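Counting starts at 1 for both ligands and their atoms, following the listed order. Here the structure is a predicted model, which is why all the values come from computation and not from measurement.
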Amino acid sequence: MYETLAKRTSTLVIDGRAVAGERGTLLVIDPALGEPFAECPSASSAQLDAAVAAANRAFAQWQHSSCEERRALLLKIADRIEHNAPELAEIIVREQGKPLALAQMEVGGAVAWTRATAALELPVEVIEDSPTKRIELHRRPLGVVGSITPWNWPLMIAVWHIMPALRAGNTVVIKPSELTPLNTLRLVELIAEVAPPGVVNVVAGGGALGRDMSGHAGIRKIVFTGSTPTGQDIMRNAAGTLKRLTLELGGNDAGIVLPGADIDAVAEGVFQSAFLNMGQTCAALKRLYVHESQYEQMCTRLAAIAARQKVGNGLEEGVSFGPIQNRDQFELVCELVDDARAAGARILCGGEPLPGKGYFYPPTIVADITDGTRLVDEEQFGPVLPVIRYATVDEAVLRANASDNGLGGSVWSSDIEQARAVAARLECGTVWINGHAEVLPHCPFGGCKMSGFGVEFGLEGLLEYTRPQLFNINRPAP
Ligand code: NAD
């Protein structure tokens, strides 16, 4: 299995053609081995220009495609992804690190999301229809959409960016993370088998290429998922050409377990949503607030669930927990846990990296910790959860909101009405009750504060890939 992938040559796709990178190649590291396993073509600025020019040429036609044509293309793409699911899942495990079953879920999610986006309608809204006037609000595509993606859910997020852009009549240039480029290169190869040339192009490279995209005069919108500092840089660079932006940035989501919750029932859900994808999920539960009356019980339950995880290479049978995706993130997680330990926190399980070259860090539960510690105040984006004691619900809400981020939040309780009242006080884009981190293709998702702006998914998400055009029709007098 390893051999097939290592021998495969990945290419950029520009104007429907497979091309090598003019900046040579980048090495792609397998996080389970801590060493390179494949090469990826690196695109030059001239190749970005060529991709943008091809996308603009394709837009001249594609913007006029009918609703049925766009829908048919998305359904063909979904079929191509589904047909190549085993290969895509294997690529994801090797470059991203997650266990195979989770990578298969990611590919399945990509197929489902593509089909759900195909089914969306873009209605013409009639604002006035009187004897003298008819006013209609139409939605037009924007032009070339530049997509810049991160390394945590690389295929899923590429699909979240590409599909609504196409469905609304735009064309795309995508740049995956330099840490996980291979699945997106393969995805666009598959798209190119069924899409007109230039409708979707892929260039690969690092932050410098991303900067070129955010300042590029031929791109009308950037959809970006990644860290807050990068989002801010994109916004600065996009100002010169007044691009539209959707920015899905970092989160530091709080979960509040209300007094009297059924801890046995809640603990499993809390664990799964905090450690989803080894905690490397934007809207994972990243800080847990538990009432003092149930604090020890919750800590014990979470540590017991953590102890059940089998940590290892995602391609091995029975592994439920893979490595951290890259060395920088791995070192950050080590640093945050060491800092918490030095501040007197109790490490209930995990707390040390595993020996070897891979970036393995076991699921770690940290107790007796509070706000003002780096692990609570910063986004850890890894397999460690701080559990914080509180005395009153008002105090828990205040502390949950005392963050620059505002992506998601959750309230856990058997009393739904009480949970609703607390949910309404949380400053974030999504509040889950008795859950966390669930995103759905028909529900708008996005953050507030430093977690960004704009939404993805559902009709509201689709509208972000359009501009309104008003028809103001004065009827002739009879
Ligand atoms: P990152 O910001 O380091 O990189 C993301 C992408 O931006 C990469 O493709 C990178 O090459 C590119 N890039 C880097 N510098 C750039 C620049 N100056 N201009 C343009 N592009 C540039 O983020 P990451 O480390 O890959 O991802 C982790 C972060 O993403 C976390 O903070 C996480 O919370 C966030 N995230 C958010 C969501 C969401 O929906 N809100 C989803 C997933 C991840």
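Protein residues lining ligand 1, listed by chain and number: I148, T149, P150, W151, N152, I157, K175, P176, S177, E178, G206, G207, G210, R211, F224, T225, G226, S227, T230, D233, I234, E248, L249, G250, G251, C282, E379, F381, L407, F445 [non-hydrogen atoms, distance under 4.0 Å].
Considering CD1 of I234 and OG of S214, their distance stands at 5.5 Å, rounded to 0.5 Å.
Ring centers of F445 and W160: at least 6.0 Å apart, outside the cut-off.
In summary, D233 and R211 engage in a salt bridge, as defined by a charged side-chain N under 4.0 Å from a carboxylate O. D338 and R341 are joined by a salt bridge, as a carboxylate oxygen and a charged side-chain nitrogen come within less than 4.0 angstrom of each other.
Counting only residues at least two apart or in different chains, side-chain hydrogen bond (donor to acceptor under 3.5 Å, both in side chains) contacts with residues 355-366 comprise E35-K357.
Considering every non-hydrogen atom in both N170 and W62, the closest pair reads O-CD1, 3.1 Å.
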